[in-house]
Visitor: 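Quick one: the structure is below, questions incoming.
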Amino acid sequence: MLIRKEDFPQVALSDMNNIHSTEIDILNSLYEAILNYMEGKVDIETVDRLFDDFLNDVKEHFSFEQNLMEKYGFFAYPMHRGEHDRVLYELNSIEKLWKEKRNPETLKDYLENQFAPWIINHVQTMDTVTAMFLSNFVHTE
Ligand SMILES: [Fe+2]
Ligand SMILES: [Fe+2]
């Protein structure tokens, strides 16, 4: 397991927490698949499929937040959006590298040392402030 749900920060909007929770599940599945692939237990297509699921999920996650920030005029929208764009760009490069080199170590290393610490920090900071702001307008559950 790459990220334990118990350790993952919660924000003031349940829709965002649900999206984060799904993302952690997909990320953990991808991470397990990479480890299993390195041990020869699953084929490369399994990693490809989960990597694809993960990328699509990240895109949906970011779009969901961006739409709400735009709709309700969140003051730090450009900054939050910039951070999302930066990570999408980074993921794009990692995907290219994976398709070219097929090196599971690189993918594993990126998830462990870049993406996992980033998402925890991002949710603790930008998402937390954003959710606090949005909770004045959006009511869920
Ligand atoms: Fe988020
Ligand atoms: Fe975010």
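Just so it is clear, the model here is predicted, and its values are computed rather than measured. Ligands are counted one by one from 1 in listed order, and the atoms in each one are counted from 1 as well.
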Visitor: Quick one: the OE1 of Glu65, the Fe ion (ligand 2), NE2 of His84 angle, rounded to 10°, please.
Guide: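 For OE1 of Glu65 and NE2 of His84, the angle centred on the Fe ion (ligand 2) reads 90°.
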
Visitor: The Fe ion (ligand 1) and His122: any N/O/S contact shorter than 2.8 Å?
Guide: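 Short answer: no, not a single N, O or S atom is under the cut-off.
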
Visitor: At a threshold of 2.8 Å, where the distance has to be below it, does the Fe ion (ligand 2) have an N, O or S atom of Glu83 nearby?
Guide: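 Under 2.8 Å: Glu83 has no N, O or S contact with the Fe ion (ligand 2).
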
Visitor: Tell me, please, if Glu23 has any N/O/S atom, main chain or side chain, under 2.8 Å from the Fe ion (ligand 1)?
Guide: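 Coordinating: no.
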
Visitor: Measure the shortest side-chain to side-chain distance between Leu35 and Tyr31 over non-hydrogen atoms and say whether it is less than 4.5 angstrom.
Guide: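 Counting from C-beta outward, Leu35 and Tyr31 do come under 4.5 Å.
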
Visitor: Applying side chain to side chain donor-acceptor pair (under 3.5 Å) to Tyr77 and Gln66, what does each step give before you reach the verdict?
Guide: CA-CA 7 Å; Tyr77 172 65; Gln66 286 161 199; 4.7 Å; no

Visitor: With the Fe ion (ligand 2) as the reference point, give the N/O/S atom of Asp127 that is nearest.
Guide: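 When I compare the N, O and S atoms of Asp127, OD1 is nearest to the Fe ion (ligand 2).
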
Visitor: Any N/O/S atom of His80 sitting less than 2.8 Å from the Fe ion (ligand 2), backbone or side chain?
Guide: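 His80 does place an N, O or S atom closer than 2.8 Å to the Fe ion (ligand 2).
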
Visitor: What I want to check is whether the side chains of Lys5 and Ser21 have a donor and an acceptor closer together than 3.5 Å.
Guide: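 Yes, because at least one side-chain N or O of Lys5 sits under 3.5 Å from a partner of the opposite role on Ser21.
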
Visitor: Do the side chains of Ile94 and Phe115 get nearer than 4.5 Å, heavy atoms only?
Guide: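 Not touching, per the 4.5 Å side-chain cut-off.
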
Visitor: Would Phe74 and Phe137 count as a close aromatic pair, with their ring centres under 6.0 Å?
Guide: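 No - the distance between ring centres of Phe74 and Phe137 does not fall below the 6.0 Å cut-off.
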
